[in-house]
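Structure first, commentary second.
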Amino acid sequence: MMALDISIGARSNGYEVAVVASADTDLLPALEDAASVGKRVETATWGTPGLSRGPLRIPSRNIWNHYLDKSLFDLVRDDTDYLSEP
């Protein structure tokens, strides 16, 4: 769903900047699509000392990455169970 939101929002001019808090490479095609229609794309990644995933990268494009340490991650963490019944 996130990938669809990124692509559809970019093509419908629903946002100026996509900030994606993920290192999941399955989102790359959506980020590439958003960048191809002129949207600014940024990522946010997090880790602990000795354990860190690198940011998503689009070949031939510079993408700003916001690195979150544990204290910043805890401030923006979303523990909502989106699969539960309302």
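FYI, side chains are in, hydrogens and waters are out, and symmetry mates aren't considered; it's all heavy atoms of this structure.
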Would you mind reporting whether [Y] and [X] have side-chain heavy atoms less than 4.5 Å apart?
X     : Y     : answer
Thr45 : Asn65 : yes
Ser7  : Lys39 : no
Leu72 : Tyr67 : no

If you look at every heavy atom in [X] and [Y], which pair is closest and at what distance?
X     : Y     : answer
Val37 : Ala10 : CG2-CB, 3.8 Å
Ala3  : Ala30 : O-CB, 3.5 Å
Ile6  : Ala34 : CG2-CB, 4.0 Å
Ile63 : Val41 : CG2-O, 3.3 Å
Tyr15 : Gly9  : CE2-C, 3.4 Å
Ser36 : Arg11 : OG-NH2, 4.2 Å

Do you know which of Asp74, Leu75, Val76 makes side chain to side chain contact (heavy atoms under 4.5 Å, CB included) with Leu68? Val76
Co-membership, hydrophobic cluster, residues Val19 and Met2, 4.5 Å side-chain: no
Rounded at 0.5 Å granularity, tell me how far CG in Asp24 sits from OG1 in Thr43.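 Between atom CG of Asp24 and atom OG1 of Thr43 there are 12.0 Å.
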Counting distance only, does the side-chain N/O of Asp78 pair as donor-acceptor with the main-chain N or O of Thr80 below 3.5 Å? yes
